[in-house]
Amino acid sequence: MRVRYAPSPTGYPHVGNIRTALFNWLFARHCGGSFILRIEDTDVARRVEGATEDILDSLRWLGLDWDEGPAVGGNYGPYFQSQRAKVYRPIGQHLVREGYAYPCYCTPERLAQMRAEQVRSKQPPGYDRRCRNLSSKERAQFEAEGIPPVIRFKIPIEGQTRFYDLIRGEIVFDNKTLDDFVLLKSDGYPTYHLASVIDDHLMQITHVLRADEWLASTPRHILLYHALGWEPPQFAHLPIILGPDRAKLSKRHGTTSLIEYRERGYLPEAMVNFLALLGWSLDDKTEIISREELIHHFSLERLSKTAAIFNIDKLSWMNGVYIRQLDIDDLTQRAISFLEKGLPCQVDRPISQDYVHQIMPLIQERAKSLGEIPQLVDFFFVNELDYNTHLLLGKGMSRETATRALAAAQERLGMLDPFDPASVEALLRPLSQELGLKTGEFFGLLRVATTGRTAAPPLFHTMAVLGKERCQKRIKIALAKLHSNF
RNA sequence: GCCCUCAUCGUCUAGAGGACUAGGACAUCGGCCUUUCAAGCCGAAAACAGGGAUUCGAAUUCCCUUGGGGGCACCA
């Protein structure tokens, strides 16, 4: 069993593309087959520099390893279509000789005009077959004029083309609704249709799992296989992923490229889990499922037929689940680069791993992505807290009360040793009562003084990580703020 | 316009004729817990697009309608 993922190098793959890769990979791994990566770079105009690396980058990030393809080689290479040009042309010529294809000399201008007229007269757009039955004389004349022809496939005028789609069942097309599509472009490069059919055959691909948008061109491919005397692979057309507006995912939907999710701090394991469940399900309740279980249980039968909308809220929730499952060492490692990048510039670099390691338990259950960690913890790093003094006077606390409470805390804290969470709590809780303040009021006050915010990780742990000195310094500043006019 | 395709809560989905008072999850809204924010727990609201047909019985089968999506390039 051999499957392939065949992207064209026009940039980083978006989540829809990569989910197709994921399903192919899962299918291969489940069956013990081969997952092949092939780069479809036959469009010279659209080729983007470095895009192949971007594709490999995306696959590697998710851990979708390929058995054959760029960087790993294989027995069916090369795996770049641009390096296989010599394979396609002879086959195209062969098709012409056998009467399955013909050269077409129509200019792009004429074709555009023809199409415009068809649209205007509400006719289905499609090549009008003007060159299909050229006499050898006419052909010779065009050749003499030096017009480089394209090679078009001769669609049978009558009959039907049918095939069995693994997830949609029997599909039938009337041949008369198909037009004579281009096999070889005038620059000598093959079109997708020709190249993919030839390569899938030569690379002995057994199952083609590809996006639904290919369904309509599958009859052309089937016809091509027949013309070439080859056995077509099995097809399975996957439902596509839609944007929130129900249209096919594209750049205008904002974040669609997979790699942007990495940059925003989504974990690859969460991404794999989430993407797998977009169009596939195990049962009626499984949401969190490991890569191994996915491989173990994956099957085409449980693929859904309906297009799915990419639901980022659910992805974020799932990412949070995965973040909470990380052990602290791991979380620390993953957080460092985001902190280096996201913490205010006045914070000294490099960031202390040891310190981060102490902080991570405090935000682990609060972070939905690694990208929001810097904002969650910046008060641990900056020297000067910047907050509005009014925050100290929470719900109607007077300036005097706040001052008295802060001063008392300041004094007691100074004598505290060791300065760990339990000791801080043992000190502060009774003090709250002593001061005649509710714990909510007192702790809230201290929270603002030590972190500059009203919402932060648990106070005692936070203070312990900050350390006695820094807590006292911050309380002192808070006291000063209370004395100044505001 | 033509061809193909899909149709269960707002979203992702379970459901392959009776087990459906249609299940789970995200999001939403309550409540509990609690020093804040989270997390966690409990609960609520929320769907079979419509119409026919088959059947003792239909979310499940068939047909039509409607709606959505995709395709119709010398792009993939």
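Excluded from the calculations below are hydrogen atoms, water molecules and symmetry mates; all remaining heavy atoms, backbone and side chain alike, are included. Chain identifiers are assigned alphabetically (A, B, ...) following the order of the sequence lines, protein sequences preceding nucleic acid strands; residue numbering begins at 1 within each chain.
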| task | When you get a sec, tell me which of B:A27, B:A76, B:C12 is the closest nucleotide to the side chain of A:W317? | result |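 Nucleotide nearest to A:W317's side chain: B:A27.
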| Between B:A39, B:G69, B:C26, which nucleotide has the shortest distance from any of its atoms to the side chain of A:D313? |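 For the A:D313 side chain, the nearest candidate turns out to be B:C26.
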| message | Does A:S121 reach a base, just sugar-phosphate, or nothing at all? Heavy atoms under 4.0 Å. | response | nothing
| query | What is the nucleic acid contact for A:V448, judged by heavy atoms within less than 4.0 Å: base, sugar-phosphate only, or nothing? | reply |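 Since no nucleic acid heavy atom lies under 4.0 Å of A:V448, the category is nothing.
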Answer yes or no: does a side-chain N or O of [X] lie under 4.0 Å from OP1 or OP2 of [N]?
{"X": "A:K314", "N": "B:U13", "result": "no"}
{"X": "A:R324", "N": "B:G40", "result": "yes"}
{"X": "A:R115", "N": "B:C74", "result": "yes"}
{"X": "A:R453", "N": "B:C37", "result": "no"}
{"X": "A:T42", "N": "B:A76", "result": "yes"}
{"X": "A:R246", "N": "B:U11", "result": "yes"}
{"X": "A:K185", "N": "B:C75", "result": "yes"}

| Within a strict 4.5 Å, meaning less than it, do heavy atoms of the A:I36 and A:Y5 side chains meet? |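 No, side chains not in contact.
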| request: Could you check A:A307 against A:T454 and say which one's nearest nucleotide on RNA chain B is further toward the 5' end? | output: A:A307
| request: Check the distance between B:G71's P and A:F181's CZ and give it to me in whole angstrom. | output: 17 Å
Mark yes or no for a side-chain to base donor-acceptor pair under 3.5 Å between [X] and [N], with no hydrogen or angle criteria applied.
{"X": "A:E287", "N": "B:G24", "value": "yes"}
{"X": "A:T177", "N": "B:C3", "value": "no"}
{"X": "A:K285", "N": "B:A25", "value": "no"}

| query | Is the number of heavy atoms from other residues, nucleotides or ligands within 6.0 Å of CD (A:E145) greater than 12? | reply | yes
| said: Would you say NZ of A:K86 has more than 12 non-hydrogen atoms from neighbouring residues, nucleotides or ligands within 6.0 angstrom? | reply: yes
| field | Distance, C1' atom - from B:A47 to B:U60, rounded to whole angstrom | value | 15 Å
| said: In whole Å, measure the gap between the P atoms of B:A25 and B:G43 for me. | reply: 11 Å
